[in-house]
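Values reported hereafter were calculated over all heavy atoms of this structure, with side chains retained and with hydrogens, waters and symmetry mates removed. Both ligands and their constituent atoms are indexed starting at 1 by order of listing.
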Amino acid sequence: MDALILSVESSCDETGIAVVQGGRTILSNVVASQTALHAPTGGIVPEVAARAHLRWIVPVLDQALADAGVRVDDVDAVAVTYGPGLAGSLLVGLNFAKTLAWMHDKPLVGVNHLEGHLYAAWLHDGGRGDGPEPEFPLVALIVSGGHTFLVEMSDHLTYRLLGQTVDDAAGEAFDKVGRLLGLPYPGGPAISRAAEVAARHDAAFPRAWLGDTYDFSFSGLKTAARRTIDEARAAAGLPTGPAAEREPAARLSEAATAELAWGFQDSVVDVLVTKTIRAAEETGARSIVLGGGVAANTMLRARLAGEADALGVPLIVPRPALCTDNGAMIGAAGARRFAAGERADLSLDARPSLPLARPSATPARSGAR
Ligand code: KG4
Ligand code: ZN
């Protein structure tokens, strides 16, 4: 587990390349974010994202190598995200990584993006104050723009899916409600910031508990948010309905926006935290891991930390920049797959809908379908 891994992530709208040692120590982690590029359209245009990856991937590699003080010839393997994600975006990173591996005669390791979000919990920056390593069995909540699920890990690379969203991902709901409130893209960080200044905490949004399952649902909450926001807009004499979304100038007051942002966030966080803690309790978890872009959310981090503490189970949450998409998390997961002897060949293809938990009991080869 001491391998030096060069890792490439391009599944969505961040071009990330990192150099990671031993699956834990970050030597460099460079991310070129396309957030500003997608802000005018209020969402990701896949074609635009793929072209931006092409534009940035070489400079990002150069910077990652320079920051780490290594050459491609020094690394033990090249790890790359091959799914899930946007096909065009995945193909850029995948072909780039294959070319590097082939040119420098290095092994290639395929990594599942979701596994990367999980393994971010093992990363540290080599400095003081780094947290403890997660202990098995553990329960992990992964919440991102495309995925929301709870998984149990009894050992490295061994997953049992406990539950997942039956409709929208939590991040998707944040982005949608952010748009409804006229907040800038992406909605997650904007809602989090808006909610911080809420003076009143009595805006109530529904919670979808889905019985005692570990599944999640956010589409009803989105509809409820639309209705509540429309009511608040009508009461303030502002236009409502789809036209209102396109008129950010006629926004609700900062105080009203803050209160609604808080209420929506409270509902999402309440369900996520309650189910995660129950899963940890019922499975006898020895640690809880939180990951994915929404794990950058301050309220989610604080509430889960409080409840995990009350349960007496350590919570491991990467710092916010390691929760959102980055190359280092792919290096962390790639190191584990590399140590397990997994090697992909140049036929490794992009898998836009790759699931985390593979159906077979034995770990599949990275290139297997
Ligand atoms: O993991 P990620 O970077 O990309 C995907 O794999 O989807 O997650 C992006 C998602 C977006 O929906 C974004 O709004 C959300 O994470 N997000 C947040 C915060 N920061 C990012 N959601 C809530 N609070 C935040 N602070
Ligand atoms: Zn992600």
Side-chain angles (χ1 to χ4, degrees), residues 7-16 18 29 31-36 38-39 42-44 46 49 53 80-86 89-90 93 111-121 140-149 164-165 168-181 183-196 216 218 221-222 225 261-262 264-273 289-304 317-330 332-333 352-354 356:
S7 48
V8 180
E9 154 64 34
S10 73
S11 67
C12 193
D13 61 342
E14 327 275 357
T15 317
N29 188 23
V31 178
S33 170
Q34 302 175 9
T35 301
H38 299 298
I44 298 163
H53 284 303
V80 62
T81 306
Y82 70 108
L86 301 168
S89 291
L90 286 166
V111 175
N112 183 311
H113 179 82
L114 304 174
E115 191 168 63
H117 276 305
L118 274 166
Y119 271 89
L141 172 70
I142 302 299
V143 266
S144 75
H147 299 270
T148 297
F149 62 91
Q164 60 189 326
T165 180
D168 302 323
E172 223 174 323
F174 267 99
D175 293 339
K176 177 68 190 170
V177 172
R179 267 199 300 278
L180 291 174
L181 284 169
L183 296 171
Y185 170 84
I191 286 187
S192 179
R193 271 194 307 274
E196 271 171 31
F216 304 97
F218 298 106
L221 173 61
K222 230 168 52 181
W262 186 91
F264 163 77
Q265 182 174 262
D266 182 54
S267 166
V268 176
V269 169
D270 189 13
V271 176
L272 292 175
V273 169
V289 161
L290 176 63
V294 181
N297 185 272
T298 315
M299 188 198 261
L300 175 59
R301 298 168 77 93
R303 286 222 195 138
L304 192 55
V317 195
R319 60 183 165 84
L322 297 176
C323 289
T324 48
D325 291 351
N326 66 88
M329 69 186 204
I330 302 305
S353 308
L354 183 70
L356 172 70

Taking N or O atoms only and a 3.5 Å limit, does Phe174 qualify as a polar contact for ligand 1? no

Of the non-hydrogen atoms in Ile44 and Cys12, which two are nearest, and what is the gap between them? CD1-SG, 3.5 Å

Report yes or no: does His147 have an N/O/S atom closer than 2.8 Å to the Zn ion (ligand 2)? no

Which atom name would you report as the N, O or S atom of His113 nearest the Zn ion (ligand 2)? NE2

Closest contact, heavy atoms only, Val317 versus Ala295: CG1-O, 4.3 Å

With a 4.5 Å cut-off on side-chain heavy atoms, are Val31 and Glu9 touching? no

What residue and heavy atom of the protein are closest to atom 9 (C) of ligand 1, and at what distance? Gly145 N, 3.7 Å

Is it the case that ligand 1 has an N or O less than 3.5 angstrom from some N or O of Glu172? no

Check ion pair Asp266-Arg303 (N to O, under 4.0 angstrom): yes

Closest heavy-atom pair, Ser144 versus Ala169, reported as atoms and distance to 0.1 Å, is O-CB, 3.6 Å

So Val143 and Phe216, do their side chains get closer than 4.5 Å, heavy atoms only? no

Does an N or O from Glu14, backbone or side chain, lie closer than 3.5 Å to an N or O of ligand 1? no

Do any heavy atoms of Gly146 fall under 4.0 Å from ligand 1? yes

Looking only at distances, please establish whether an N/O atom of ligand 1 is found under 3.5 Å from an N/O atom of Ser192. no

Heavy-atom pair of closest approach, residues Phe264 and Val177: CE1-CG2, 3.6 Å

Is any side-chain heavy atom of Ser89 closer than 4.5 Å to one of Asp13? no

Of all the N, O or S atoms in Asp325, which has the shortest distance to the Zn ion (ligand 2)? OD1

With nothing but distance in play, are any N or O atoms of Pro186 less than 3.5 Å from an N or O of ligand 1? no

Would you indicate whether the side-chain heavy atoms of Ser192 and Gln265 approach each other to under 4.5 Å? yes

Looking only at protein heavy atoms, identify the closest one to atom 24 (N) of ligand 1 and say how far it is in Å. Asn297 ND2, 3.0 Å

Looking only at heavy atoms, is any part of His147 under 4.0 Å from ligand 1, and if so is it the side chain, the backbone, or both, or is it neither? neither

Side chain to side chain donor-acceptor pair (under 3.5 Å) assessment of His53 paired with Ser10: CA-CA 7 Å; His53 284 303; Ser10 73; 4.8 Å; no

Options Gly188, Gly187, Cys323, ranked by nearest heavy atom to atom 25 (C) of ligand 1, top entry: Gly188

So for ligand 1, is His117 a polar contact partner (N or O within less than 3.5 Å, distance only)? yes

Just how far is it from atom NE2 of His113 to atom CG of Leu354, taken to the nearest 0.5 Å? 11.0 Å

If we number the atoms of ligand 1 from 1 as shown, the ones under 4.0 Å from a heavy atom of Gly171 are 12 (O)

Working to the nearest 0.5 Å, report the span between CG of Leu356 and CD1 of Ile142. 8.5 Å

For Gln265, state whether at least one heavy atom is located under 4.0 Å from any atom of ligand 1. no

Quick check: Asp175 and ligand 1, any N/O pair under 3.5 Å apart? yes

Tell me: protein heavy atom nearest atom 2 (P) of ligand 1, and distance? Asp325 OD1, 3.4 Å

Nearest non-hydrogen protein atom to atom 17 (N) of ligand 1, with distance, is Gly293 O, 3.5 Å

When only distance counts, is Gly292 in polar contact with ligand 1, meaning an N/O pair under 3.5 Å? no

